[in-house]
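Written below as structure tokens is the structure these notes are about.
Just follow the structure's listing: the first ligand is 1, and inside any ligand the first atom is 1. Residue numbers start at 1 and run along the sequence shown.
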Amino acid sequence: MDIKIGKTKISLMEGDITEVTADAIVNAANNRLWMGGGVAGAIKRKGGKIIEEEALRLGPIPIGEAVATSAGKLNAKYVIHAAGMGTDLKTDEEKIKNATLNSLKRADELKIKSIAFPSIGTGVGGFPTDKAAEIMLSATIEHIKGVTSLKNVIFVLYGNSAYEAFEKVLAGIKD
Ligand code: AR6
């Protein structure tokens, strides 16, 4: 499913974010930027440990901030590490919103056209996916209503129930 806001498309897809071709892939990170399980583990396995080594040199960052590294062997130019939590691995609405907005800002600074997000905070962080969908989609819309280099913002959802949660929110926005 997708919707267009100005010149930017928001798309939803189900799958593994490390398989997606986009200028940047967002990592669901903690603020020290060590890469544990979930999305971070998959990025490290497929893209190579160099991504974590680069990230660790940039951390710690404030919770809710985001920083870019190279993407190793992935089909992307950059990995944007979005710190949705500290090392207590606890998240909330504000942290997810800021991590999303700051990832989009980094993408604009890099002047890239496409970015792929996972559902931040909903794995290790234990945050409800339907709430994360509302927060991330409304932050994205707020951002792309302004000036942006982005033509496509893709949400890559792991499993059908996560996809459906995002689809429900996006359909509500479309109406
Ligand atoms: N592609 C897309 N989505 C995925 C994938 C994948 N390959 N793997 C998992 N998900 P998580 P968080 C989904 O735990 O909650 C690590 O230790 C998953 O089902 O990756 O923000 C980091 O280093 C869930 O819905 O991120 C941090 O310390 C969503 O992605 C911490 O976990 C996010 O799950 C970040 O925790």
Inset, instruction - Kindly indicate, with the supporting measurements, whether the criterion side-chain contact (heavy atoms from CB on, under 4.5 Å) is fulfilled by I115 and L150. - result: CA-CA 8 Å; I115 184 170; L150 288 163; 3.8 Å; yes

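- Distances from ligand 1 to the non-hydrogen atoms of W34 include at least one value under 4.0 Å.
- Of the candidates I17, T129, N30, I120, I17 brings a heavy atom nearest to atom 2 (C) of ligand 1.
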Contacts table for residues 29-41: side-chain donor-acceptor under 3.5 angstrom, sequence neighbours left out:
unit_1	atom_1	unit_2	atom_2	d
N30	OD1	R32	N	2.9
N30	OD1	L33	N	2.9
N30	ND2	W34	O	3.0
N31	ND2	I61	O	3.1

Inset, instruction - Would you please test Y78 and S70 for side-chain contact (heavy atoms from CB on, under 4.5 Å) and show each step? - result: CA-CA 5 Å; Y78 305 100; S70 70; over 6 Å; no

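- Ligand 1 places these atoms under 4.0 Å from at least one heavy atom of M35: 23 (O).
- Using a distance-only test at 3.5 Å, with no hydrogens or angles considered, no donor-acceptor pair links the side chain of T18 to the main chain of A42.
- Looking at heavy atoms from C-beta onward, V20 lies out of side-chain contact with N75 at the 4.5 angstrom threshold.
- In plain terms, the two heavy atoms of V26 and I43 that are nearest each other are O-CD1, 4.3 Å.
- Taking a cut-off of under 4.0 Å to the non-hydrogen atoms of A40, the atoms of ligand 1 that pass are 22 (C), 23 (O).
- No more than 12 heavy-atom neighbours from other residues, nucleotides or ligands sit within 6.0 angstrom of NZ on K113.
- If you check which protein heavy atom lies closest to atom 20 (O) of ligand 1, you get V39 N, 2.8 Å.
- Considering M85, M13, K90, K46 only, the shortest heavy-atom separation from atom 36 (O) of ligand 1 involves M85.
- The shortest heavy-atom contact between A66 and I80 is CB-CG2, 3.9 Å.
- Donor-acceptor pairing under 3.5 Å is recorded for the side chains of S119 and T122.
- Of the N or O atoms in L89, none lie within a sub-3.5 Å distance of an N or O in ligand 1.
- Protein heavy atom in closest approach to atom 23 (O) of ligand 1: G36 N, 2.8 Å.
- Here is the list of ligand 1 atoms found below 4.0 Å of a heavy atom in A42: 7 (N).
- Checking N31, V20, T122, V124 against atom 24 (C) of ligand 1, the nearest heavy atom belongs to T122.
- Closest approach of A99 and A82 over heavy atoms only: O-CB, 3.8 Å.
- No heavy atom of A162 sits closer than 4.0 Å to any atom of ligand 1.
- Compare G125, G37, A29 by their heavy atoms: the one nearest to atom 16 (C) of ligand 1 is in G37.
- If you check each of F117, Y158, F127, F155 against atom 3 (N) of ligand 1, the one with the closest non-hydrogen atom is Y158.
- With respect to atom 33 (C) of ligand 1, the closest heavy atom belonging to the protein is S119 O, 3.1 Å.
- More than 12 heavy atoms of other residues, nucleotides or ligands sit less than 6.0 Å from atom CG of L89.
- Heavy atoms of G84 come nearer than 4.0 angstrom to ligand 1 in no pair at all.
- At least one heavy atom of G15 sits under 4.0 Å from some atom of ligand 1.
- Less than 4.0 angstrom separates some heavy atom of G121 from each of these atoms of ligand 1: 12 (P), 15 (O), 21 (O).
- In summary, the atoms of ligand 1 found under 4.0 Å from a heavy atom of D16, numbered by their order in the structure, are 1 (N), 6 (C), 7 (N).
- With hydrogens left out, the protein atom closest to atom 26 (O) of ligand 1 is A28 CB, 3.3 Å, a heavy atom.
- A donor-acceptor contact shorter than 3.5 Å links the side chain of T91 to the backbone of G84.
- Looking at ligand 1, you won't find any N or O of P118 less than 3.5 Å from one of its N or O atoms.
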